[in-house]
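Accompanying notes for the structure given below.
Here is the naming used below: chain letters follow the sequence lines, and residue numbers restart at 1 for every chain.
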Number of protein chains: 2
Amino acid sequence: MPRQVDHEARRRHIAAAVWRLAASGGLEDATIRRVAAEAGVPARQLQYYFGTREDLLLGALELLNRDGEAEARERVAALGPEPEPRDVLRSVLLEFLPLDESRRQRHLVHMAYFVRFMTEDALRDRIRDAPPELEDLIAMLLPEGRRDEADFLLAGTTGLQGQMLLGQLSAERAIELIDRQLDRLFAPMDRPADRGL
Amino acid sequence: MPRQVDHEARRRHIAAAVWRLAASGGLEDATIRRVAAEAGVPARQLQYYFGTREDLLLGALELLNRDGEAEARERVAALGPEPEPRDVLRSVLLEFLPLDESRRQRHLVHMAYFVRFMTEDALRDRIRDAPPELEDLIAMLLPEGRRDEADFLLAGTTGLQGQMLLGQLSAERAIELIDRQLDRLFAPMDRPADRGL
DNA sequence: CCTATATTGGTACGGTTGCACCATATCTTA
DNA sequence: TAAGATATGGTGCAACCGTACCAATATAGG
């Protein structure tokens, strides 16, 4: 057999080029030739490692998500051995905000894929399976597991994400808004649970 | 002078074709030739009424926003002469949800423009001026004008919009979640304002 | 060493893109 | 009616697109 090459590494290298282009100009900028130039490899290599352009975009998205989940898990783990539920929840929510370049680019790329998510059935199915567990997790971390508050909390966080990406909202303000909601939801229970349930 | 033509009507007719294409396949599907075919006019006409493709996309967006604002104002006005603040607020928030085909298409198109909003400076400036007044309005409609709650309420609503567009959330559930938040924020004030301020 | 095969390179093709350009038609005003 | 501005139509061009195809290379197993 001929030279063995680390496929995973090469795919990741190419995928990173897709991310950069998609984040700055949308999916339409991620053409095969442009991605190849951005990655510094011959265009033919993209064909070899990903196949068609559709496969390239899908593959790049999958790698992005994998990286994102790993990063998120890492940050939650960094909270220590037995973290407070509130801290875990806060960490999970903050994962949705573009607080560093890594997260910013990731969310930017997700936005670029958004329209395709909605119209192309292949993508649509893939996304409709994951998120219920996320809402479940948030509800579990909330005192008394208030589902309505959990759902709106998550929605609010993704809303803040959008405003931050548009430059309408500072990181400090976004975090402050989330902390205010957490203050309320984790408030001492010596009164009738302010209408959240 | 020659035949006079209703420019505004023609531009709107063409813009509607842009919306349909952008809503179903993203901005990259809104090529000059495709838009022309969708609108049933020669491609040359797009050049005449909009100029370059960039101008076409910008013009189509502007018409979309104008239509959206008009529709929203109409629905608020339909509440009657002296509506309750809560009803006005609810109406404003529901305007962000894709509750009918008109709003659904409008928000879909906005998503298609999203990445460009973030990167192209021309668009970026245009969007950074409008929204503060919206948050102000919401805060004003809220009892005691709690700014933090107002901001998070708007963020939450746009978050629900995204989930609905992805088919993850039903209209009923989204409205229910908003109404729960309104229940809480408009709750009687016989106790110390549940930590919102 | 040698050969089978994983990997790379380069290119060519049919199709589409945005746009500039030229000619024509149509109608209002002078 | 003459004329000139407004509006329309069609075509051509250079650039780019995705991808199929063919050749060359390099290396691991025999």
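- Atom CD in B/Q45 sits about 11 Å away from atom P in D/dG10, given to the nearest Å.
- Distance B/R11 CZ to D/dT8 P: 13 Å, rounded to the nearest Å.
- Taking atom CG on A/D55 and atom P on D/dA20, their separation rounds to 11 Å, with Å as the unit.
- Between B/E54 atom CD and C/dT17 atom P the separation is 17 Å, expressed in whole Å.
- Not one side-chain nitrogen or oxygen of B/T52 sits closer than 4.0 Å to the OP1 or OP2 atom of C/dG18.
- Residue A/R34 has a polar side-chain atom (N or O) positioned under 4.0 Å from OP1 or OP2 of D/dC17.
- Listed for the B/S91 side chain is no donor-acceptor partner under 3.5 Å among the backbone atoms of B/D87.
- Contact between the side-chain N/O atoms of A/Y48 and the OP1/OP2 oxygens of C/dT7 is found at a separation under 4.0 Å.
- Residues meeting the side chain to side chain contact (heavy atoms under 4.5 Å, CB included) test with B/A43, sequence neighbours left out: B/I32, B/A36.
- A side-chain contact (heavy atoms from CB on, under 4.5 Å) with B/L99 holds for exactly one of B/E95, B/E101, B/R103; it is B/R103.
- Residue A/R44 has no polar side-chain atom (N or O) positioned under 4.0 Å from OP1 or OP2 of D/dT25.
- Atom CZ of A/R33 is separated from atom P of C/dT16 by 16 Å (rounded to the nearest Å).
- Position along DNA chain D of the nearest nucleotide to A/D29 versus B/V41 favours B/V41 as the more 5'-ward residue.
- Atoms NE2 (A/H7) and C1' (C/dT5) sit 12 Å apart, rounded to a whole Å.
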What do the steps show when you test B/T157 against B/Q161 for side chain to side chain contact (heavy atoms under 4.5 Å, CB included), and what is the final call? CA-CA 6 Å; B/T157 305; B/Q161 173 191 107; over 6 Å; no
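- In the interface, the side chain of A/Q47 is paired with the base of D/dA20 through a donor and an acceptor atom under 3.5 Å apart.
- Side-chain to base pairing of A/R53 with D/dG18: no donor and acceptor N or O lie closer than 3.5 Å to each other.
- The distance between atom OH of B/Y49 and atom C1' of D/dT6, rounded to the nearest whole Å, is 9 Å.
- Classification of the A/H7-A/Y49 ring pair by plane angle, with boundaries at 30° and 60°, yields perpendicular.
- Atom P of nucleotide D/dC17 and atom CG of A/L21 are separated by 11 Å, given to the nearest angstrom.
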